[in-house]
*Asks:* 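This is the structure I have questions about; it appears just below.
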Amino acid sequence: MSENVVHLHKHTDTPAAEPAPVDTAPTVLTVVPDAPPVRPAPLWVRSGRAVKTAVTHERTRSASRAVVRHGLYTFNGGRIAARRAWDGRTGSRYERMIRAAEAAGNLEAAEEWEERLQRFRAARHHRRMDLLHSPVDAAKGVAVGAGMSVGVLVALGVVMAISTGQVADVVTPLSATIDFIALLIRIVQIVWGPAVTIGPFLALLALWSVGRKQHAAPQWAMPANVRSGEGEPITPSIVVKALRDLGVPALARAIKEMGDAGASMLGPITIAGCGVEVDVTLPSGVSTNEVQSKRRKLAENLTRHEHEVFITIPQAARTVRLWIADSGALDEPIGPSPLVTDETMTADYKKGKAPWGQDLRGDAAALSLYQRHLLITGLSNQGKTVALRSLALWLSLDKSVQFLMGDLKGVGDWAMFDGLATTLIQGPTDEHVIQVTEMVESAVDEMNRRIQAPPGTTFPPLIVLVDEAQVAFMCPAKDEDKRPYGGSKANSRYFMAVRKIHNQGRAVNVLMWQGTQDPTNENLPKLVREGAHTRASLALGTESQARMALGDKAVDGGAAPNLLRPGLDRGTLVVASDGITIPAGQSSITVRTHYIDDDAAKAITDRAKALRDGVTTLHAIDRGEEHDALADIAAVIGDATRVRTKDVLARLATRNPGAYGGWSFIDLKRVLDDAGAEPYKSDGVMVVARDRVARALANRDTEGSASAE
């Protein structure tokens with residue numbers, strides 16, 4: 001018995017401390033009866049922990065995956081080889097193609113494959129009938145061949161014997177042939193043993209190679225670089241597998257029945273910009289919205305992110321069009337705007353198109369603005385103002401276009417239009433909303449004046465632009481008659497002014513452009529959003545918002561701004577408009593807009609100002625105060641040497657519709673004649689000279705000062 005007594009702990013409610021080291025000297029300790037001995041963990045417990053650690057170790061998992069992967073390569077490679085052999089010996093391949101053609105509704109292709117199957121069976125029947133006679137024919141052939149060979153060898157031996165004079169040379173060729181055959185038999189005897197031993201391993205290696213090339217193993221067992229599949233090229237088999245694994249039972253069953261012929265559902269895979277495009281004809285029983293609703297899963301099956309796969313509905317029945325981006329391509333910026341790079345560019349409101357950006361194919365996306373009301377919406381800080389401003393920047397290079405602008409954010413995003421826009425109101429308060437509302441109402445008065453003009457009269461484009469329009473719709477302020485400026489009721493001043501322009505403004509080139517955030521029924525009424533001819537949306541939060549922004553038809557056709565990534569897809573728009581080229585059968589197009597910063601925008605507006613005679617910008621709306629007609633005429637002439645009388649009238653009406661909306665040439669001539677600044681003809685048209693008006697003002701002020709003295 002050992003001289004050491006095991007150290008025991010008292011039984012307490014608290015966990016026992018670690019056992020103290022055992023002293024080598026004899027020791028006696030008091031044992032408490034209830035104190036259980038503390039013993040080392042059993043061996044099986046320690047072994048279990050070690051096994052658990054080993055199983056969870058990354059190297060162990062990698063080794064396990066490798067064993068499973070290579071084992072399944074060989075097993076599934078055998079299945080693939082067996083199936084290929086079976087297809088080669090039977091008509092199963094033709095039968096699968098027939099079923100695929102029938103599932104796709106292509107009866108002509110089904111008949112063609114049926115004919116090929118009949119020809120294959122006839123050829124196979126002839127081969128089998130030939131096999132019945134082949135043993136006898138082979139025996140006869142061998143006998144005749146052997147006899148002829150012996151005869152030839154004997155004849156050769158006779159020739160050699162005559163030549164050498166040795167009778168024994170008659171059998172020399174025959175003897176040499178027998179020796180050669182014996183050598184071949186010996187070689188076969190030597191090689192046969194190792195071949196029989198190595199042959200199965202070579203066969204397994206061949207099957208493993210087949211399975212490896214086909215990636216015939218579960219995804220979880222594949223190496224990390226193969227599992228990720230980032231940047232994997234899109235092939236017909238990959239698309240078919242992605243559709244098969246989409247979770248649509250009818251689609252999976254149809255593809256399974258087709259076998260490898262599932263690729264018959266696919267049209268040609270074509271390069272389309274920074275990705276590829278393919279049309280998929282769905283089998284009977286599968287609707288297009290079942291595929292549309294599973295966009296994320298389809299993208300992941302194609303080893304892409306959700307935003308890199310777009311699903312649209314072309315004109316063909318039961319067909320979806322897939323556009324699949326190259327991995328990471330949509331995260332690369334597009335080039336600068338032609339407005340920035342081409343300093344000689346001008347605009348044409350009627351015939352031209354604004355260079356807005358690029359579509360997903362990488363082609364230039366240009367938008368016609370001619371007689372189209374415009375609405376751009378999206379979440380905050382997604383590039384709405386820049387996208388809207390780039391259109392206004394292009395249109396400003398047409399000197400005939402006039403602008404009335406209201407910026408209800410008021411941080412200077414539109415400040416470069418000072419001296420270019422006739423009216424520019426900037427600020428977020430209720431007072432600014434009131435000013436913007438009165439500006440839009442003045443545009444309504446101008447529209448009514450144009451409508452009442454003689455038939456055939458042409459009018460310069462007037463763009464009424466309101467950014468952050470949701471501030472106006474949600475404004476609680478009321479006028480002295482208790483009419484609200486905001487809201488969506490029939491007595492709402494801003495709402496009704498916008499509706500009137502939507503109803504009749506297009507015919508006389510008075511157009512309403514609005515930019516708004518986060519569309520809802522409260523901040524973007526239904527009648528207003530549906531009055532826009534061009535509707536564009538940046539990233540949104542929900543599908544219901546996407547329907548508000550673009551309409552049901554566009555969303556049902558595949559438009560999905562709610563699937564754009566806020567922040568990451570800044571500046572990317574989904575556009576529904578007849579003013580932009582949209583692929584046939586689609587209801588919308590995705591555009592990545594050019595980014596034009598404030599400095600570049602100022603440079604463009606400087607070029608636009610150089611094209612014009614000078615514009616005096618109002619920053620507030622007059623509300624019925626006394627007007628100085630001569631001073632207003634001088635203001636609208638600006639720095640120009642002379643301006644046509646009809647342009648002066650138009651500018652006066654835009655500046656103050658209440659005072660000058662009903663003016664005719666007679667009214668203008670009366671004021672100028674009284675002041676001594678009579679209009680005159682220049683190049684066959686009546687004009688007003690800046691110098692004459694300025695001189696009349698100076699004389700009037702001088703006379704006023706003298707009379708005052």
Side-chain angles (χ1 to χ4, degrees), residues 347-354 356 366-377 387-388 390-392 394-406 421-423 436-437 439-467 469 472-473 488 490 492-516 524-537 549-551 553-554 575-582 587-588 646-647 650-651 653-654 657 661:
D348 187 335
Y349 161 75
K350 186 173 183 180
K351 299 179 181 179
K353 290 188 175 183
W356 211 7
L367 179 67
S368 172
L369 303 173
Y370 178 64
Q371 294 187 343
R372 290 178 177 88
H373 301 302
L374 174 67
L375 172 66
I376 298 181
T377 187
L388 182 61
S390 64
L391 297 177
W394 176 79
L395 199 55
S396 70
L397 297 175
D398 183 340
K399 63 181 181 180
S400 67
V401 178
Q402 302 172 7
F403 292 98
L404 300 178
M405 291 185 170
T422 305
T423 301
V436 167
T437 301
M439 178 191 76
V440 178
E441 289 175 339
S442 71
V444 174
D445 294 337
E446 168 63 10
M447 176 189 73
N448 292 332
R449 184 188 70 81
R450 294 183 177 189
I451 291 173
Q452 296 170 8
T457 306
T458 59
F459 302 99
L462 176 60
I463 307 299
V464 186
L465 188 152
V466 179
D467 195 11
F473 285 113
S488 58
S492 168
R493 291 181 60 176
Y494 180 79
F495 170 76
M496 290 306 298
V498 172
R499 287 292 301 138
K500 289 176 182 177
I501 294 177
H502 279 175
N503 289 339
Q504 295 179 298
R506 176 178 175 272
V508 289
N509 283 333
V510 178
L511 303 177
M512 191 77 209
W513 291 10
Q514 294 183 97
T516 182
L524 186 60
K526 182 175 186 292
L527 292 177
V528 170
R529 60 181 185 251
E530 291 185 350
H533 302 98
T534 295
R535 300 167 71 173
S537 177
L550 300 176
K553 179 180 179 181
V575 185
S577 172
D578 61 351
I580 193 170
T581 302
I582 296 177
S587 58
S588 65
K646 71 173 186 177
D647 291 340
R651 294 178 186 182
T654 302

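Positions are given from 1, in the same order as the sequence printed here.
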*Asks:* Among R450, K350, Q371, find the one that has a side-chain hydrogen bond (donor to acceptor under 3.5 Å, both in side chains) with N509.
*Replies:*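 With N509 as partner, side-chain hydrogen bond (donor to acceptor under 3.5 Å, both in side chains) holds for just one option, Q371.
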*Asks:* Could you grab the distance from atom CZ of R535 to atom OG of S588, nearest 0.5 Å is fine?
*Replies:*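 Those atoms lie 12.0 Å apart.
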*Asks:* Show your reasoning for whether side-chain contact (heavy atoms from CB on, under 4.5 Å) applies to K353 and T581.
*Replies:* CA-CA 11 Å; K353 290 188 175 183; T581 302; 3.9 Å; yes
*Asks:* Looking at every non-hydrogen atom in both residues, tell me the closest pair between L511 and I501 and how far apart they are.
*Replies:*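 Where L511 meets I501 most closely, the heavy atoms are C-CG2, 4.3 Å.
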*Asks:* Kindly compute the distance separating OG (S396) from CD1 (I463), expressed to the nearest 0.5 Å.
*Replies:*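 One gets 11.0 Å once the value is rounded to the nearest 0.5 Å.
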*Asks:* Mind checking ring pair (Phe, Tyr, Trp, His ring centres under 6.0 Å) for F495 and listing every partner two or more places apart, or none if nothing turns up?
*Replies:*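 With neighbours one apart ignored, the set is empty.
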*Asks:* Looking only at atom types and distance, does a side-chain atom of T377 sit under 3.5 Å from a main-chain N or O of S537, one as donor and one as acceptor?
*Replies:*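 No, because the side chain of T377 does not come within donor-acceptor range (under 3.5 Å) of the backbone of S537.
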*Asks:* Enter the distance from F403:CZ to T423:OG1 here, rounded to the nearest 0.5 Å.
*Replies:*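 Here the rounded value is 12.5 Å.
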*Asks:* Minimum heavy-atom separation for A366 to I580, with atom names?
*Replies:*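 Smallest heavy-atom distance, with atoms named: O-CG1, 3.3 Å.
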*Asks:* Got a second to check how far M447's CE is from Q504's CD, nearest 0.5 Å?
*Replies:*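 One finds 5.0 Å between CE of M447 and CD of Q504.
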*Asks:* For the pair R499 (side chain) and L527 (backbone), establish whether a donor and an acceptor sit closer than 3.5 Å, ignoring hydrogens and angles.
*Replies:*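 Yes: the side chain of R499 pairs with the backbone of L527.
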*Asks:* Can you see which heavy atom on M512 is nearest to which on H373, and at what distance?
*Replies:*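 Between these two residues, the closest heavy atoms are N-ND1, 3.0 Å.
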*Asks:* Shortest non-hydrogen contact from A347 to W394?
*Replies:*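 Nearest pair, atom of A347 first, then W394: CB-O, 2.9 Å.
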*Asks:* Taking W513 as the fixed residue, which of L395, L375, I376 is the one that meets the side-chain contact (heavy atoms from CB on, under 4.5 Å) rule?
*Replies:*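 For W513, the side-chain contact (heavy atoms from CB on, under 4.5 Å) check succeeds only for L395.
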*Asks:* Which value, rounded to the nearest 0.5 Å, describes the distance between E530 atom CD and L524 atom CG?
*Replies:*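 Interatomic distance, E530 CD to L524 CG, rounded to 0.5 Å: 10.0 Å.
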*Asks:* Evaluate whether atom NZ of K399 has more than 12 neighbouring non-hydrogen atoms of other residues, nucleotides or ligands under 6.0 angstrom away.
*Replies:*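 Open.
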*Asks:* So which atom in A497 and which in E441 form the shortest heavy-atom distance, rounded to 0.1 Å?
*Replies:*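 Closest heavy-atom pair between A497 and E441: CB-CG, 4.0 Å.
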*Asks:* Under the side-chain contact (heavy atoms from CB on, under 4.5 Å) test, which residues partner T534, sequence neighbours left out?
*Replies:*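 Scan of T534 (side-chain contact (heavy atoms from CB on, under 4.5 Å), adjacent residues dropped) gives L367, R372, L374, V575, S577.
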*Asks:* Given the rule in the side-chain contact (heavy atoms from CB on, under 4.5 Å) test, do Q514 and V528 qualify, once you have shown the distances and angles that lead to the verdict?
*Replies:* CA-CA 10 Å; Q514 294 183 97; V528 170; 3.3 Å; yes
*Asks:* Please round to the nearest 0.5 Å and tell me the distance separating atom OG1 of T422 and atom CG of L404.
*Replies:*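 Between atom OG1 of T422 and atom CG of L404 there are 5.5 Å.
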*Asks:* Looking only at heavy atoms, which two atoms of S488 and P525 are closest? And how far apart?
*Replies:*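 In terms of heavy atoms, the two residues are closest at CB-CG, 3.4 Å.
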